[in-house]
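Working notes for the structure below.
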Number of protein chains: 2
Amino acid sequence: MGNQKLYKGSLQTIILKLLEENDKMYGYEITQRVKQLTKGELNITEGALYPALHKLEADGLLDVEVAKVDNRLRKYYKLTENGTKETVSRLAEMEEFLKTMQTIVNPKFV
Amino acid sequence: MGNQKLYKGSLQTIILKLLEENDKMYGYEITQRVKQLTKGELNITEGALYPALHKLEADGLLDVEVAKVDNRLRKYYKLTENGTKETVSRLAEMEEFLKTMQTIVNPKFV
DNA sequence: ATATATACATAATTTCCTTATGTATAAAAC
DNA sequence: GTTTTATACATAAGGAAATTATGTATATAT
């Protein structure tokens with residue numbers, strides 16, 4: 001790592017994308033999935049994750065459902081109808097952003 | 001636009017990259033070059049640009065040289081030796097970041 | 001004469017993240 | 001059997017980097 005600050009602003013999109021693929025996930029599971037997906041390159045901290053989940057819920061993009069597994073608390077999040085729509089548009093913005101950044105940092109290959 | 005917040009954290013790298021290509025540039029020129037390069041997708045605001053340039057200078061990555069052109073002030077920035085080294089590493093981090101984000105948002109194509 | 005473009009700057013505020021800390025249970029290691 | 005690590009949530013203090021608003025000044029276009 002060392003480039004963690006480049007991820008600033010993309011956490012919500014990452015969460016939405018994972019929930020689009022997985023129907024429902026809980027917080028800790030999200031951090032582990034991201035770590036695995038990125039081969040350890042991106043580690044979402046709890047101080048970033050939980051406020052982000054609460055924000056997405058407050059904005060009506062996620063629904064939450066509490067469960068008790070192995071005597072431990074889990075909060076399962078899933079996309080609302082609105083969240084599903086918003087995910088599509090956030091992903092389009094992300095693709096646009098990635099393309100644009102490629103154009104800037106590597107103009108020869110784009 | 002609407003995805004401007006995704007650019008959060010990448011402004012310094014963008015500036016360094018442009019200066020790697022252009023030897024010396026002044027602030028306003030950087031905003032115009034970026035607007036043109038990105039077809040209007042990214043508009044660097046002055047409130048972001050000037051503090052960023054001052055920070056890079058304070059960190060010893062840029063040298064500044066004041067010039068008067070058409071009776072107007074211009075501050076030309078160029079990479080220091082250290083800035084050139086740092087640019088290489090920042091660009092490597094950016095490429096890594098872009099690759100990782102592609103893996104997350106578009107796993108099928110990477 | 002007025003609006004737009006060029007060219008710098010900074011202050012107040014907001015956003016998003018890091019770092020630190022806290023609670024609690026389960027499993028693994030020593 | 002006790003301590004460490006993993007699982008699972010949460011929030012508060014602080015910092016970095018942006019947005020928004022405002023300011024100065026000259027040149028060009030309408």
Side-chain angles (χ1 to χ4, degrees), chain A residues 1-16 24-36 40-59 61-62 64-77 90 93-94 97 101, chain B residues 1-16 24-36 40-59 61-62 64-77 90 93-94 97 101:
Chain A
M1 286 143 281
N3 59 344
Q4 291 275 353
K5 77 163 164 303
L6 292 174
Y7 291 92
K8 217 176 241 276
S10 53
L11 178 56
Q12 285 195 4
T13 304
I14 291 171
I15 293 170
L16 293 173
K24 69 173 186 173
M25 298 183 83
Y26 56 99
Y28 186 77
E29 185 185 14
I30 291 174
T31 66
Q32 299 309 301
R33 186 69 53 90
V34 168
K35 197 183 289 186
Q36 167 225 325
E41 157 90 358
L42 176 56
N43 286 293
I44 297 177
T45 60
E46 296 159 301
L49 177 73
Y50 294 114
L53 287 171
H54 301 161
K55 178 79 163 48
L56 288 168
E57 191 197 349
D59 290 347
L61 304 184
L62 301 185
V64 68
E65 186 196 322
V66 181
K68 199 150 195 176
V69 180
D70 292 333
N71 203 34
R72 263 201 235 94
L73 191 77
R74 277 187 192 172
K75 289 196 170 177
Y76 281 99
Y77 290 91
R90 298 275 189 111
E93 283 174 3
M94 177 59 78
F97 161 70
M101 280 307 307
Chain B
M1 282 144 283
N3 60 343
Q4 290 276 351
K5 76 161 165 302
L6 293 174
Y7 291 93
K8 223 174 235 274
S10 52
L11 178 56
Q12 286 196 5
T13 304
I14 291 171
I15 293 170
L16 292 174
K24 69 172 188 174
M25 297 183 84
Y26 56 100
Y28 185 76
E29 186 185 13
I30 291 174
T31 66
Q32 299 308 300
R33 184 70 53 89
V34 167
K35 197 184 288 182
Q36 166 228 323
E41 157 91 359
L42 176 56
N43 287 294
I44 297 176
T45 60
E46 296 159 301
L49 177 73
Y50 294 114
L53 287 171
H54 301 161
K55 176 80 162 49
L56 289 169
E57 191 198 349
D59 290 348
L61 305 183
L62 301 185
V64 68
E65 185 196 325
V66 181
K68 199 151 198 178
V69 179
D70 294 331
N71 204 34
R72 262 201 235 94
L73 192 76
R74 276 186 193 171
K75 289 196 170 177
Y76 281 99
Y77 290 91
R90 298 274 189 110
E93 283 173 5
M94 176 59 76
F97 161 71
M101 280 308 307

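To find a chain, count down the sequence lines: A is the first, B the second, and so on, and within it residues start at 1.
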Nearest heavy-atom pair of [X] and [Y]: which atoms, and what distance?
{"X": "B:L16", "Y": "B:L62", "answer": "CD2-CD2, 4.2 Å"}
{"X": "B:I15", "Y": "B:A52", "answer": "CD1-CB, 4.0 Å"}
{"X": "A:Y76", "Y": "A:Y26", "answer": "CE2-CD2, 3.5 Å"}
{"X": "B:F97", "Y": "A:E41", "answer": "N-OE2, 4.3 Å"}

Tell me the interatomic distance from [X], atom [atom1], to [N], atom [atom2], rounded to whole angstroms.
{"X": "B:H54", "N": "D:dA16", "atom1": "NE2", "atom2": "C1'", "answer": "17 Å"}
{"X": "B:L6", "N": "D:dA17", "atom1": "CG", "atom2": "C1'", "answer": "15 Å"}
{"X": "A:E65", "N": "D:dC9", "atom1": "CD", "atom2": "P", "answer": "13 Å"}
{"X": "B:K24", "N": "C:dA7", "atom1": "NZ", "atom2": "P", "answer": "13 Å"}
{"X": "A:K68", "N": "D:dC9", "atom1": "NZ", "atom2": "C1'", "answer": "12 Å"}
{"X": "B:E57", "N": "C:dC8", "atom1": "CD", "atom2": "C1'", "answer": "14 Å"}
{"X": "A:K75", "N": "D:dC9", "atom1": "NZ", "atom2": "C1'", "answer": "7 Å"}
{"X": "B:N71", "N": "D:dA25", "atom1": "CG", "atom2": "P", "answer": "13 Å"}

Is there a side-chain polar atom (N or O) of B:Y50 under 4.0 Å from OP1 or OP2 of C:dC8?
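For C:dC8, OP1 or OP2 has a side-chain N or O of B:Y50 closer than 4.0 Å.
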
Partner residues of B:Y77 under the side-chain hydrogen bond (donor to acceptor under 3.5 Å, both in side chains) criterion, sequence neighbours left out
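Partners of B:Y77 by the side-chain hydrogen bond (donor to acceptor under 3.5 Å, both in side chains) criterion come out as none, since no residue qualifies.
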
For A:K35, all residues meeting side-chain hydrogen bond (donor to acceptor under 3.5 Å, both in side chains), sequence neighbours excluded
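A:K35: no side-chain hydrogen bond (donor to acceptor under 3.5 Å, both in side chains) contacts found.
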
Would you list the protein and nucleotides 15-19 of chain C atom pairs, both N or O, that sit under 3.5 Å from each other?
| residue | atom | partner | partner atom | Å |
| --- | --- | --- | --- | --- |
| C:dC16 | O2 | A:K8 | NZ | 3.2 |
| C:dC17 | OP1 | A:G9 | N | 3.2 |
| C:dT18 | OP2 | A:T45 | OG1 | 3.1 |

With sequence neighbours excluded, what pairs up with B:R33 under the side chain to side chain contact (heavy atoms under 4.5 Å, CB included) test?
B:L18, B:N22, B:M25, B:E29, B:Q36, B:L37

Which residues satisfy the side chain to side chain contact (heavy atoms under 4.5 Å, CB included) test with B:K8, sequence neighbours excluded?
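Listed in chain order: A:K8.
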
Atom OG1 in A:T45, atom CD in A:Q4: separation rounded to 0.5 Å?
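So the OG1 of A:T45 and the CD of A:Q4 are separated by 8.0 Å.
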
N/O-N/O pairs, protein side and nucleotides 4-6 of chain C side, under 3.5 Å:
| residue | atom | partner | partner atom | Å |
| --- | --- | --- | --- | --- |
| C:dT6 | OP2 | B:Y28 | OH | 2.0 |
| C:dT6 | O5' | B:Y28 | OH | 2.9 |
| C:dT6 | O3' | B:R72 | NH1 | 3.4 |
| C:dT6 | O2 | B:R72 | NE | 3.2 |

